[in-house]
Participant: 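Sending over a structure as structure tokens; questions will come in a sec.
Keep in mind it's a predicted model, so treat the numbers as computed, not measured.
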Amino acid sequence: MSVNDQVLIRTLGIEPYNPTWEKMQAFTDQRDDETRDEIWLLQHEPVFTQGQAGKAEHLLATGDIPVVQVDRGGQVTYHGPGQLIVYLMINLRRRKLGVREMVDIMERSLVDLLAEYGVDAYAKPDAPGVYVGDAKIASLGLRVRRGCSFHGLALNLDMDLGPFLRINPCGYAGMPMTQLAQLTDMPKMDDLMQKLIDQLVGKIGYTQVSHSDVLE
């Protein structure tokens, strides 16, 4: 079995932001062409992350929630418990995927996942992410280094949306945010995560999947 066909799924629970970000960077810097891809699923303790294009005026009243300047694309967003984070450490060069193709895979995976729960969602070509009506339900932000991606997506499930009012989400003043719990009965987290994994694995094209619940 070629390493190109393999992916390791790590399910990690609730993690602080900075150590996880540092481990993503280290994994990407240390990997080589024989390193299998990894997908991490987790939630974060409350944090605002400001992407490389971020502008200070989009931070309105962050209060006691820390702001971290990060190396992904995009503007500012919020992460907190009740939001599913998926980090995609994919060797795009080995899989012959461009960045736009990877973003499209993330968006289509989320749209198809939400459709399984009866939620009609869509992607906008001019504003990366996934939307329901006028409200945003998922944010995307990737970084590519040495032909490999890291960072990924954040899907609002059942969380306190209040902190989004302290920023201009993704640089858009007054952008409404929504979450799955406001749109349908909340499914079991394990079932939802497995459905999203199935969407991503199928669309990227892996044939061998292994699992871990620890981050080495």
Participant: Do Q25 and D71 make a side-chain contact, defined as non-hydrogen atoms from C-beta onward lying under 4.5 Å apart?
Facilitator: yes
Participant: Check the orientation of Y87 and W40. Use parallel for under 30°, tilted for 30 to 60°, and perpendicular for over 60°.
Facilitator: perpendicular
Participant: Do the charged groups of R100 and E107 touch, with an N to O distance under 4.0 Å?
Facilitator: yes
Participant: Hey, what do you get for OG (S212) to CD1 (I9), rounding to the nearest 0.5 Å?
Facilitator: 10.5 Å
Participant: Is K195 close to Y117 at the side-chain level, that is, under 4.5 Å between some pair of heavy atoms?
Facilitator: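 Answer yes - side chains close enough.
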Participant: Taking the side chain as everything from C-beta on, heavy atoms only, tell me whether L142 gets closer than 4.5 Å to M106.
Facilitator: yes
Participant: How about L183 and L114: do any of their side-chain heavy atoms sit closer than 4.5 Å?
Facilitator: no
Participant: Specify the closest pair of heavy atoms between F27 and R36, including all atoms of both residues, with the distance to one decimal.
Facilitator: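 Where F27 meets R36 most closely, the heavy atoms are CZ-O, 3.7 Å.
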Participant: Report yes or no: does T184 contribute a side-chain atom to a donor-acceptor pair with the main-chain N or O of L180 at less than 3.5 Å?
Facilitator: no
Participant: With side chains defined as the heavy atoms from C-beta onward, is the minimum distance between N91 and T35 less than 4.5 Å?
Facilitator: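 Of all side-chain heavy-atom pairs linking T35 with N91, none is under 4.5 Å.
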Participant: Let me confirm one number: the CD1-CG distance from I105 to L110, rounded to the nearest 0.5 Å.
Facilitator: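 Interatomic distance, I105 CD1 to L110 CG, rounded to 0.5 Å: 12.0 Å.
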Participant: Give the intermediate values and the outcome of salt bridge (Lys or Arg N to Asp or Glu O under 4.0 Å) for residues D64 and R166.
Facilitator: CA-CA 11 Å; D64 58 348; R166 304 189 194 183; 3.4 Å; yes
Participant: D29 and salt bridge (Lys or Arg N to Asp or Glu O under 4.0 Å): which single residue from R145, R143, K23 fits?
Facilitator: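 It is R145; the other options fail the test.
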Participant: In terms of side-chain geometry, is the basic nitrogen of R108 or D112 positioned less than 4.0 Å from the acidic oxygen of its partner?
Facilitator: no
Participant: If I take atom CG from residue D37 and atom CD1 from residue I90, how far apart are they, to the nearest 0.5 angstrom?
Facilitator: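 If we round to the nearest 0.5 Å, D37:CG and I90:CD1 are 4.5 Å apart.
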Participant: Does R94 reach the main-chain N or O of D33 with its side chain, forming a donor-acceptor pair under 3.5 Å?
Facilitator: yes
Participant: Can any side-chain N or O of Y78 pair as donor or acceptor with the backbone N or O of T49 at less than 3.5 Å?
Facilitator: no
Participant: Could you check if a side-chain atom of R95 sits within less than 4.5 angstrom of a side-chain atom of Y206, using non-hydrogen atoms only?
Facilitator: yes
Participant: Would you kindly confirm whether L113 and M159 end up in one hydrophobic cluster when ILVMFWY residues are joined by side chain heavy atoms under 4.5 Å apart?
Facilitator: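 Each belongs to a different hydrophobic cluster.
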Participant: Output yes when a side-chain donor or acceptor of R31 lies under 3.5 Å from a complementary backbone atom of C148, and no otherwise.
Facilitator: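 The answer is no, because no donor-acceptor pair under 3.5 Å joins these two groups.
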Participant: Under 3.5 Å, side chain of H44 to main-chain N/O of E15, donor-acceptor pair present?
Facilitator: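 It does hold such a pair.
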Participant: Is there a donor-acceptor contact under 3.5 Å from the side chain of R10 to the main chain of V214?
Facilitator: yes
Participant: Counting N and O atoms only, with roles assigned by atom type, does the side chain of Q83 sit under 3.5 Å from a partner on the main chain of N156, one being a donor and the other an acceptor?
Facilitator: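 Between the backbone of N156 and the side chain of Q83 there is no qualifying donor-acceptor contact (under 3.5 Å).
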Participant: Quick check for you: to the nearest 0.5 Å, what is the distance between L42 atom CG and L215 atom CG?
Facilitator: 8.5 Å
Participant: Is the closest side-chain donor-acceptor distance between D190 and Q194 under 3.5 Å?
Facilitator: no
Participant: Is T77 close to R72 at the side-chain level, that is, under 4.5 Å between some pair of heavy atoms?
Facilitator: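 Contact flag for R72/T77 side chains = yes.
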Participant: Test your reading of the model: is there a side-chain donor-acceptor pair from Q50 to the backbone of K55, 3.5 Å cut-off?
Facilitator: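 Checking the backbone N and O of K55 against the side chain of Q50, a donor-acceptor pair under 3.5 Å is found.
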Participant: How many angstroms lie between atom OG1 of T28 and atom NE2 of H151, to the nearest 0.5 angstrom?
Facilitator: 8.5 Å
Participant: Is the shortest side-chain heavy-atom distance between N168 and L60 below 4.5 Å?
Facilitator: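 When only atoms from C-beta onward are counted, L60 and N168 do touch, with a gap below 4.5 Å.
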Participant: How many angstroms lie between CG in L196 and CG in L192, if you round to the nearest 0.5 Å?
Facilitator: 7.0 Å
Participant: Do M24 and V86 sit in the same hydrophobic cluster, where Ile, Leu, Val, Met, Phe, Trp and Tyr count as joined when their side-chain heavy atoms come under 4.5 Å apart?
Facilitator: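 Each belongs to a different hydrophobic cluster.
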